[in-house]
Amino acid sequence: MTDVTSTVVRLKLSLLRNGLRQSGGRRAAFVASAVVALLFAALQLLGLVLLRGHAHADAVAVLGTAVLALGWAFMPLFFPSGDETLDPTRLVLLPLRPAPLVRALLAASLVGIGPLFTLVLLVGCAVSVAHGAAGYGVAVVGVVLALLVCVALARSVAAANVRLLTSRKGRDLAVLSGLVIAVGAQLVNFGARSLGSAGLGELAPVADVVRWLPPASAIGAVHSASEGAYGRAVLQLALSVAALALLVGAWARTLTRLMTAPDGSTLQEPDSAGRGASSGGGPGRLLPSGRTGTVMARSLRYVWRDPKTKAAWVTSLAIGLIVPVFNALQGTGSIYFACFAAGMLGIQMYNQFGQDTSAFWMVAMTISSPRDAYVELRGRALALLVITLPYATLVTVLTTAMLGDWPRLPEVLGLSFALLGAMLATGAWTSARFPYSIPQEGHRNVAAGQTGLAWIAIFGGMVSAALLCAPVIALTIALNVSAGGGEWTWVLLPVGAVYGATITWAGLRGAAPRTAAHLPEILAAVSRG
């Protein structure tokens, strides 16, 4: 048992060490992330220690532990490549039994920045509520138990979903990380503002329930022991011990199944496979015929199936909604923040050919004239509009309803449509002028050596789009500042829509000749990496 545990721990250390040896950039990123994480943990520890003696310190400590547990439970699903030892199927061919393997992997899981970060925060939670010898004694046991429950929870969840996480479709789950992080950050911000105005007492009712749920019950036991409620402290510790035993048992059973059962997650019945491949129905029937409809179907299929494209769309959709809505909820928003949705989704027009990667050669073979290039770009722009137009309208209407500023709805919609048209125009041009490759493997969105091209394409295009919107923006300002002009702001809706459509047409027309004339250069650029 000891040999297996020490071997797996050494394996984890070797994986970390060898990963850092691959490049100086990786070492710098690891050191920077470690410093930031530990600095944040130290500041949180200081804040928790300063809470000692506060009437609601126990509520903060208990809920903080629960949040840590939630992070350990779900982060492996969104970042499965963050720890190479999360996949136990790599050890299938080794003569290992589940029980020793569970102990070894549990010990290896305690090595890394994440466990150290969690340990520091758990120590802070325990210290903030511990008083007296009994409290500190239970704190030592409670911190260890809480850490083990967090790690065992992460391992059991990852093992139960390892077939999913290692499959092609399962890896697409990682695209939700952008959505979770974006929404989570805004929820934390909104919650902090609410607590700042209402006080920590708002946490007490929730904490009274959570303190009986492992692993938060282990920290709740520290508070109970400090108050002299030793029976309650023992019961809360027992709940954490029972949870740890159940998680380890479930983990062991999952490992046994993974080690002995064949993987049928990628198998498909021939009939169903044939039906899926030959089906020609569905929403595709609503698309135009000819090349335009084909290009639109291909672009929409990229959005649904390609992990990198899907990740970019999910993040843009989330942020485009979160920024105006959460600012409206906090009472600090403006109805013009609704234009953020059109701006975030308009970015998806940039580097249109890069998302094709090396497969762009098949598209290039079908382009022999500026007319062909124009139809190709038009199909891609229309596919983007299928999603962007209703989404930007929905976000604008929702923001308007939350702020109750209905008279400004037409002008904000007009600005959104004009901005979207300008970004489609500049996106088509930069796609032909500054194409760059998007690596299919790893987390990089730009191939090595092309970062400058990406910055020029995106930020240069955004500045150009803002300049192209200047006439509509100037008209908006003029109508709002002039006497009696507010009665005519409704004209901004048709003006913005017509202006956006016109500038989009002009941008596509202008980008088509360059696309047709520089196909070899575009293909070489997007096929790198």
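Starting from 1, each residue takes its place in the sequence as its number. Since the model is a prediction, treat every value here as computed from it, not as a measurement.
Residues His223 and Arg211 are in side-chain contact: their nearest non-hydrogen atoms beyond the backbone lie under 4.5 Å apart. Looking only at side-chain heavy atoms (C-beta outward), Thr399 and Phe337 stay at 4.5 Å or farther from each other. Residues Val127 and Leu48 fail the side-chain proximity criterion, which asks for heavy atoms closer than 4.5 Å. For the pair Ile458/Tyr436, a side-chain contact is recorded, criterion being any heavy-atom separation below 4.5 Å from C-beta on. No side-chain heavy atom of Val526 sits less than 4.5 Å from a side-chain heavy atom of Thr357. Contact annotation: the side chain of Leu235 never approaches that of Arg232 to less than 4.5 Å [non-hydrogen atoms, C-beta and beyond].
The CG atom of Leu419 lies 9.0 Å from the CE atom of Met462; values are rounded to the nearest 0.5 Å. Note: Ser128 OG to Leu45 CG = 9.5 Å, rounded to the nearest 0.5 Å. Atom OH of Tyr302 is separated from atom CD of Gln352 by 10.0 Å, given to the nearest 0.5 angstrom. Remark: Lys12 NZ to Thr7 OG1 distance equals 15.0 Å, nearest 0.5 Å. Separating the CD atom in Gln348 from the CE atom in Met423 is a distance of 9.5 Å, to the nearest 0.5 Å. Atoms CG and CG, on Leu50 and Leu46 in that order, are 4.5 Å from each other to the nearest 0.5 Å.
Nearest heavy-atom pair, Ser224 versus Gln236, reported as atom, atom and distance to 0.1 Å: OG-OE1, 2.8 Å. Between Gly346 and Leu420, the closest heavy-atom pair is CA-CD1, 4.1 Å. Between Ala126 and Val222, the shortest heavy-atom distance links the atoms O-CG1, 3.8 Å. Listed here is the closest heavy atom pair of Pro324 and Ile319: CD-O, 4.2 Å. For the residue pair Ala69 and Pro215, the shortest heavy atom distance occurs at CB-CD, 3.6 Å. Closest approach of Leu239 and Pro214 over heavy atoms only: O-CG, 3.4 Å.
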Original post:
What do the steps show when you test Ile387 against Leu300 for side-chain contact (heavy atoms from CB on, under 4.5 Å), and what is the final call?
Top reply: CA-CA 9 Å; Ile387 303 174; Leu300 293 173; 4.1 Å; yes
**OP:** Might you work through the side chain to side chain donor-acceptor pair (under 3.5 Å) test for Thr426 and Tyr350, ending with a clear yes or no?
**Re:** CA-CA 8 Å; Thr426 56; Tyr350 293 82; 2.7 Å; yes
Original post:
Is there a side-chain contact (heavy atoms from CB on, under 4.5 Å) between Tyr391 and Val395 once you walk through the steps?
Top reply: CA-CA 6 Å; Tyr391 184 80; Val395 172; 3.7 Å; yes
Subject >> Full working for side-chain contact (heavy atoms from CB on, under 4.5 Å) between Ser226 and Val129 >> reply: CA-CA 7 Å; Ser226 300; Val129 296; 5.7 Å; no
Subject >> Full working for side-chain contact (heavy atoms from CB on, under 4.5 Å) between Thr430 and Met349 >> reply: CA-CA 9 Å; Thr430 56; Met349 187 63 187; over 6 Å; no
**OP:** Take Ser217 and Ser240 through the side chain to side chain donor-acceptor pair (under 3.5 Å) test and state the conclusion after the steps.
**Re:** CA-CA 6 Å; Ser217 61; Ser240 292; 2.7 Å; yes
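Of the possible donor and acceptor atoms, none in the side chain of Ser316 sits under 3.5 Å from a partner among the backbone N and O of Trp313. Formation of a donor-acceptor pair under 3.5 Å by the Lys310 side chain with backbone atoms of Val303 is not found in this model. Side chain of Asp58 to backbone of Gly220: no donor-acceptor contact under 3.5 angstrom is found. Arg155 places no side-chain N or O within 3.5 Å of a backbone atom of Trp251 that could act as its donor or acceptor partner. A donor-acceptor pair is defined here as one N or O able to donate and one able to accept, closer than 3.5 Å; no such pair exists between the side chain of Thr65 and the backbone of Ala216.
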Can you list, pair by pair, the side-chain donor-acceptor contacts under 3.5 Å of residues 111-124, counting residues two or more places apart and other chains?
| unit_1 | atom_1 | unit_2 | atom_2 | d |
| --- | --- | --- | --- | --- |
| Thr118 | OG1 | Trp72 | NE1 | 2.8 |
| Thr118 | OG1 | Gly114 | O | 2.9 |

